[in-house]
Amino acid sequence: MPQIDTAPSMTPLENVRARIKSAMAPERISGDPLLLAVSKTKPSEAVQALIDEGQRHFAENRVQEAQTKFPPLQQAYPDLVLHLIGPLQTNKVKEAVALFDVIHSVDREKLARALKAEMDKQGRDLPCFIQVNTGEEPQKAGISPDQAADFVALCRDLGLQVVGLMCIPPFDEDPAPHFALLRVLAERNGLSQLSMGMSSDFETAVQLGATHVRVGSALFGARGRGDRTYKGCV
Ligand SMILES: *Cc1c(COP(=O)(O)O)cnc(C)c1O
């Protein structure tokens with residue numbers, strides 16, 4: 001890993017951007033991976049500070065929380081892009097389709113059907129990622145790797161705009177094999193986008209071809225201990 005200038009004058013956003021760049025360099029990766037700023041549990045003021053630095057892609061994992069923060073920001077910044085990265089209940093699909101621009105967590109038929117119906121109703125055609133449970137963890141959302149091909153086909157048949165795959169590797173494992181598996185599954189299914197990598201492993205994800213990295217704490221600081229969203233929901 002080349003030495004990175006982490007001068008104190010660098011903001012966290014500048015630092016993460018620099019680390020993405022340097023992870024790309026040795027792999028000769030072309031096309032900048034998109035940095036999604038994961039603002040869950042953080043106040044609007046923190047989002048605003050990153051907007052002021054030029055960040056436009058944000059991600060949240062709960063519909064309700066995002067609803068309390070983002071509508072005024074979306075009004076003020078029409079080029080803001082909001083990504084849903086957390087599990088989606090079918091009873092929240094209506095709100096999710098109205099609020100978000102990209103969905104990263106499509107993982108079951110019932111949800112895929114509900115999303116398609118609601119998008120038709122609202123006249124929106126949101127890009128969707130299929131979430132794959134690469135570690136086959138029982139408590140984690142996502143389609144199992146051996147069902148990914150069938151599920152991608154089903155979503156396409158429904159008319160969803162499937163753009164890529166997303167994964168959250170097991171907490172206590174080397175993420176690299178999971179990222180590599182996700183990439184293989186995407187290639188096999190003709191999908192070009194890979195949503196993978198978080199604060200602790202986004203450089204590895206970039207080296208393995210991530211097109212979207214989802215970075216929270218490295219940009220916004222650690223979340224509180226009582227935060228269920230981290231280990232509980234991902
Ligand atoms: C919280 C979260 C992230 C970001 O986690 P950090 O470790 O804070 O970067 C990424 N992806 C998902 C799905 C998350 O829920």
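This chain uses plain numbering: 1 for the first residue, then up along the sequence. These numbers come from a predicted model, not from an experiment. Just follow the structure's listing: the first ligand is 1, and inside any ligand the first atom is 1.
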Below 3.5 Å, N or O to N or O, backbone or side chain included: is there any such pair between R223 and ligand 1? yes
Below 30° counts as parallel, above 60° as perpendicular, anything between as tilted: where do the rings of F129 and H212 land? perpendicular
How close do A59 and L36 get, counting heavy atoms only, and between which atoms? CB-CB, 4.2 Å
Go through the side-chain N and O atoms of R223 and S217 and say whether any donor and acceptor fall under 3.5 Å apart. no
Compute the shortest N/O to N/O distance between G216 and ligand 1 and return yes if it is under 3.5 Å, no if not. yes
Any atoms of ligand 1 less than 4.0 Å from a non-hydrogen atom of S199? List them with their elements. 6 (P), 7 (O), 8 (O), 9 (O)
Write down the atom of E65, the atom of S39, and the distance for their closest heavy-atom approach. OE2-O, 4.1 Å
Which atoms of ligand 1 are found less than 4.0 Å from any heavy atom of R214? 4 (C), 9 (O), 10 (C), 11 (N), 12 (C), 13 (C)
Per-atom contacts of ligand 1 with K40, taking only distances under 4.0 Å to non-hydrogen atoms: 1 (C), 2 (C), 3 (C), 14 (C), 15 (O)
Report the residue from E118, K92, K121, K116 that forms a side-chain contact (heavy atoms from CB on, under 4.5 Å) with V97. E118
Between F100 and R124, what is the shortest heavy-atom contact and its length? O-NH1, 2.8 Å
Within the 4.0 Å heavy-atom shell around I168, which atoms of ligand 1 are there? 13 (C)
Would you mind telling me if ligand 1 is within reach of the side chain of H104, the backbone, both or neither, using heavy atoms under 4.0 Å? neither
Any idea which atoms of ligand 1 are less than 4.0 Å away from a heavy-atom of V215? 9 (O)
